[in-house]
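Okay, so here's the structure we're looking at.
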Amino acid sequence: MTSPAPVVLVFLDPAFPDGRLADASRPQLMATDQGATRGDGVFESMLAVGGAVRKLQAHLDRLVGSAQALDLVIPAQDAWRAAIATGVAEHRSQHPATSPAEDELVVKLVVTRGPEGAESPTCWVQVSPVGALGRRQRETGIDVILLDRGYDSDVAERAPWLLLGAKTLSYATNMAALRYAHKQGADDVIFTSSDGRVLEGPTSTVLLAHLETSDDGAGATRTVRRLITPQLDSGILPGTSQGALFAAAKAAGWELGYGPLEPQDLLDADAVWLISSIRLLAPVNHIDGREVGTPAVQKQLTAELNALFAGIQ
Ligand code: PLP
């Protein structure tokens with residue numbers, strides 16, 4: 001067995017304004033906690049680089065939205081900020097990074113409904129190192145398969161109790177889809193709806209790019225870079241990375257687009273990525289065994305978008 005990655009836990013506790021540090025190697029939750037027995041709760045995962053959490057406000061805002069969707073009343077954002085600062089500082093002091101490039105931490109915020117009958121949710125911050133696989137996939141890219149998510153792209157509006165736009169703890173199907181992909185020799189998944197739309201990855205947002213070169217009429221050529229993602233009302237999680245990258249790309253002159261997208265749009269794209277807060281941009285090399293775009297264009301666009309994304313705080 002490999003030794004577990006070092007984890008720091010900080011519980012939100014009104015008696016501890018900066019959060020209460022807890023021993024991650026000891027049991028800390030009641031076995032009756034509804035987060036454990038029902039997956040009833042919400043979470044966020046974000047990246048701290050050099051001790052600074054990226055897109056912190058966007059993550060806190062999405063946590064609030066997810067909690068509201070589940071009728072959970074959670075502590076104020078200042079309490080989360082204080083507990084996050086405690087957890088990140090503690091991790092960096094206990095387990096200093098061996099080089100600046102390795103100074104990346106996963107900061108997870110977790111809210112459960114607590115034990116049966118609890119008056120308030122159980123909330124904590126978990127800080128751990130970024131896994132080597134995710135870091136590698138930023139460089140090497142990934143092969144994905146398309147998998148049917150089993151519902152149509154209108155269901156989120158029709159059936160709000162499915163909590164489709166919320167980041168709930170019920171990720172068992174997302175993890176099962178990833179295991180299914182791994183058994184097929186793929187790295188990741190792009191879900192499609194039963195009406196044939198591209199949705200998202202189990203832990204990421206889908207992005208694609210098109211380069212459109214045209215004559216400007218005066219003999220010069222003009223290249224338009226277009227960045228496209230599935231439309232947000234199709235029952236997918238609104239990605240904080242996609243949102244931030246779209247804003248940066250727009251400022252850098254890219255054109256933006258929102259689905260609906262079909263699998264053929266992915267195959268016709270010049271490049272496709274799965275983007276998320278921890279792994280960042282993972283270029284998609286193959287979808288169901290078919291090559292996506294051209295390696296040289298993918299490499300160039302990935303470098304361009306990585307540079308834009310690196311500037312996001
Ligand atoms: N979609 C799903 C289902 C996710 O779980 C995630 C992140 O974990 C994302 C998209 C990407 O979100 P973000 O960019 O905020 O990390």
Side-chain angles (χ1 to χ4, degrees), residues 39 41-49 53-67 69 80 84 104-111 126 128 130-131 133-135 137-138 142 144 146-151 153 155-156 162-181 187-193 197-208 227-249 258-259 261 272-282 284 305-306 308-310 312-313:
V42 297
F43 76 106
E44 276 299 319
S45 293
M46 42 210 197
L47 184 68
V49 180
V53 176
R54 300 181 72 193
K55 304 184 270 89
L56 177 54
Q57 190 59 51
H59 284 286
L60 290 174
D61 290 345
R62 192 171 62 185
L63 185 74
V64 169
S66 298
W80 285 104
I84 291 165
E104 290 190 351
L105 293 171
V106 181
V107 179
K108 199 166 169 180
L109 316 182
V110 188
V111 177
Q126 173 182 315
S128 55
V130 174
L133 180 65
R135 295 159 68 100
Q137 288 180 342
R138 296 174 191 164
I142 52 178
V144 309
L146 298 172
L147 291 183
D148 185 356
R149 191 75 171 90
Y151 50 67
S153 56
V155 75
L162 293 179
L163 303 172
L164 287 182
K167 196 164 167 68
T168 77
L169 289 174
S170 309
Y171 259 47
T173 51
N174 302 41
M175 297 300 110
L178 281 177
R179 287 195 302 276
Y180 184 89
D187 302 301
D188 213 317
V189 170
I190 294 179
F191 283 128
T192 55
S193 62
R197 301 273 164 82
V198 173
L199 295 175
E200 62 186 343
T203 63
S204 57
T205 306
V206 177
L207 295 183
L208 65 84
L227 198 54
I228 306 173
T229 196
Q231 81 274 26
L232 295 177
D233 62 1
S234 56
I236 61 176
L237 187 76
T240 61
S241 311
Q242 171 271 320
L245 183 62
F246 263 42
Y258 297 86
L261 296 172
V272 175
W273 300 268
L274 292 186
I275 188 171
S276 54
S277 296
I278 312 301
R279 191 173 56 183
L280 311 178
L281 280 152
V284 175
L305 292 178
N306 273 333
L308 287 176
F309 203 55
I312 291 164
Q313 292 308 308

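All heavy atoms count here, side chains included; hydrogens, waters and symmetry mates do not. Indexing begins at 1, ligand by ligand and atom by atom, following the structure's order. These figures come from a predicted structure and were not determined experimentally. In this chain, numbering begins with 1 at the start of the sequence shown.
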### Numbered atoms of ligand 1 (with element) below 4.0 Å of Gly239, judged on heavy atoms
12 (O), 14 (O), 15 (O)
### Message
Just to check, does Gly243 reach to within less than 4.0 Å of ligand 1 when the distance is taken from its heavy atoms?
### Response
no
### Message
Counting non-hydrogen protein atoms only, what is the nearest one to atom 11 (C) of ligand 1? Give residue, atom name and distance.
### Response
Thr205 OG1, 3.7 Å
### Task
Would you check if Val130 and Leu105 make a side-chain contact, meaning some heavy-atom pair closer than 4.5 Å?
no
### Query
At a non-hydrogen distance cut-off of under 4.0 Å, which region of Lys167 contacts ligand 1 (side chain, backbone, both, or neither)?
side chain
### Other residues, nucleotides, ligands: >12 heavy atoms within 6.0 Å of Tyr180 OH
no
### Task
For Tyr171, take its heavy atoms, then give the atoms of ligand 1 lying under 4.0 Å from any of them.
2 (C), 3 (C), 4 (C), 5 (O)
### Message
So, 4.0 Å and heavy atoms of Glu44: is ligand 1 close enough to count as a contact?
### Response
no
### Message
Contact between ligand 1 and Ser204 is defined here as a heavy atom of the residue under 4.0 Å from a ligand atom; is it met?
### Response
yes
### Task
Before accepting this row, confirm whether a basic side-chain N of the pair Glu44/Lys108 lies closer than 4.0 Å to the acidic partner's carboxylate O.
no
### Message
Heavy-atom contact check, 4.0 Å cutoff: does Pro238 meet ligand 1?
### Response
no
### Message
Could you tell me, atom by atom, which parts of ligand 1 come under 4.0 Å of a heavy atom of Ser277?
### Response
13 (P), 14 (O), 15 (O), 16 (O)
#### Entry: Test of proximity, Ser45 against ligand 1: N or O pairs below 3.5 Å
no
### Query
Quick one: does Leu47's side chain get under 4.5 Å of Val53's, heavy atoms only?
no
### Message
Using side chain to side chain contact (heavy atoms under 4.5 Å, CB included), reason through Thr229 and Phe246 one step at a time and then give a plain yes or no.
### Response
CA-CA 9 Å; Thr229 196; Phe246 263 42; 3.7 Å; yes
### Task
Look at atom 15 (O) of ligand 1 and say which protein heavy atom is nearest, naming residue and atom and giving the distance to 0.1 Å.
Thr240 OG1, 2.6 Å
### Message
Under 4.0 Å, counting heavy atoms only: does Arg62 come that close to any atom of ligand 1?
### Response
yes
### Message
Could you check whether Arg197 makes a cation-pi contact with Phe191, meaning its NZ or CZ is under 6.0 Å from the centre of the six-membered ring and within 45° of the ring axis?
### Response
no
### Query
Under 4.0 Å from any heavy atom of Gly201, which atoms of ligand 1 are there?
3 (C)
### Message
Assess, by modelled atom type and distance only, whether the side chains of Thr240 and Lys55 contain a donor and an acceptor separated by less than 3.5 Å.
### Response
yes
### Query
What atoms of ligand 1 come within less than 4.0 Å of a heavy atom belonging to Pro202?
3 (C), 5 (O)
### Message
So that I can tick it off, tell me whether Arg149 and Glu200 are bridged by a salt bridge, with the cut-off set at under 4.0 angstrom between side-chain N and carboxylate O.
### Response
no
### Message
Assess whether a salt bridge exists between Arg279 and Asp187, defined as any Lys/Arg side-chain N lying under 4.0 Å from an Asp/Glu carboxylate O.
### Response
no
### Query
What is the closest protein heavy atom to atom 14 (O) of ligand 1, and at what distance does it sit?
Ser241 OG, 2.6 Å
### Task
Looking only at non-hydrogen atoms, find the nearest pair between Pro230 and Val198 and report the distance.
CB-O, 3.5 Å
### Task
Kindly identify the option in Arg279, Glu200, Gln242, His59 whose heavy atom sits closest to atom 2 (C) of ligand 1.
Glu200
